[in-house]
Amino acid sequence: MSLTKSDKTIIATIWSKIAPQADSIGTEALERLFTSYPQTKTYFPHFDLHHGSAQLHAHGTKVINALGDAVKNIDNIHSALSKLSELHAYILRVDPVNFKLLSHTILVTLAAHFPAEFTAEAHAAWDKFLSIVASVLTEKYR
């Protein structure tokens, strides 16, 4: 799967709207993840996962900033996320299915924040982009 020129343009355009709100969008996506898929909380036993938690906020910001790195390196996402893939595979040992679950909650969060911009075409582009990100993050598992 590869991104078309149109996909890349859509992703960059929506990213420009995400970036100023990265912390709140990341936090909201994680809150959705933990609410919708409570089994994902097992990877965060040391975190306060309540709404408004500083730890949740900090991690949500990290997640969205990592996506920002992927957007900035959209033609070489593998290189941009290689260290993150190693961390999650070898040290944190996160079940790869969780990346797909998080991708879903990110899509829902983006649709909620940007309803006018998040058209069917934008949804498809972001879904494809997040699938590539999830694939890169699980690459070290293979």
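- For the residue pair Gln55/His46, the side-chain donor-acceptor check at 3.5 Å is not satisfied.
- The two atoms that bring Glu31 and Gly52 nearest to each other are OE2-N, 3.8 Å, heavy atoms only.
- Here the straight-line distance linking atom CD of Glu28 with atom NE2 of His57 works out to 12.5 Å at 0.5 Å rounding.
- His50 and Leu56 get closest at one heavy-atom pair: O-CD2, 3.9 Å.
- Across all their heavy atoms, Ala112 and Arg32 have their closest contact at CB-NH2, 3.8 Å.
- Note on Leu102 and Val108: separate hydrophobic clusters, where clusters join Ile, Leu, Val, Met, Phe, Trp and Tyr whose side-chain heavy atoms are under 4.5 Å apart, directly or indirectly.
- Checked by atom type and distance alone, the side chain of Ser24 pairs as donor or acceptor with a backbone atom of Gln21 at under 3.5 Å.
- A distance-only check finds no donor-acceptor pair linking the side chain of Ser36 to the backbone of Leu33 [under 3.5 Å].
- Thr105 and Thr109 get closest at one heavy-atom pair: O-OG1, 2.7 Å.
- Atom CG of Leu137 and atom CZ of Phe99 lie 5.0 Å apart (nearest 0.5 Å).
- The two atoms that bring Glu117 and Ala122 nearest to each other are O-CB, 3.5 Å, heavy atoms only.
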What donor-acceptor contacts under 3.5 angstrom involve side-chain atoms of residues 62-77, with partners at least two apart or in another chain?
unit_1, atom_1, unit_2, atom_2, d
Asn65, ND2, Thr61, O, 3.3
Asn73, ND2, Asp69, O, 2.8
Asp75, OD1, Lys8, NZ, 2.4
Asn76, OD1, Ser79, N, 3.3

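- Counting all heavy atoms, side chain and backbone alike, Ala125 lies closest to Leu3 at O-CD2, 4.2 Å.
- Phe34 pairs in a ring-ring contact (aromatic ring centres under 6.0 Å, His included) with only one of the listed residues (Phe44, Tyr43, Phe47), which is Phe44.
- The structure places CG of Leu30 at 6.0 Å from NE2 of His59, a figure rounded to the nearest 0.5 Å.
- Using modelled atom types, no side-chain atom of Ser53 and backbone atom of Leu49 make a donor-acceptor pair closer than 3.5 Å.
- To the nearest 0.5 Å, the span separating CD1 on Ile18 from CZ on Phe114 amounts to 5.5 Å.
- No donor-acceptor pair closer than 3.5 Å links the side chain of Asp127 to the backbone N or O of Ala124.
- Atom OG in Ser2 sits 6.5 Å away from atom NZ in Lys128 (nearest 0.5 Å).
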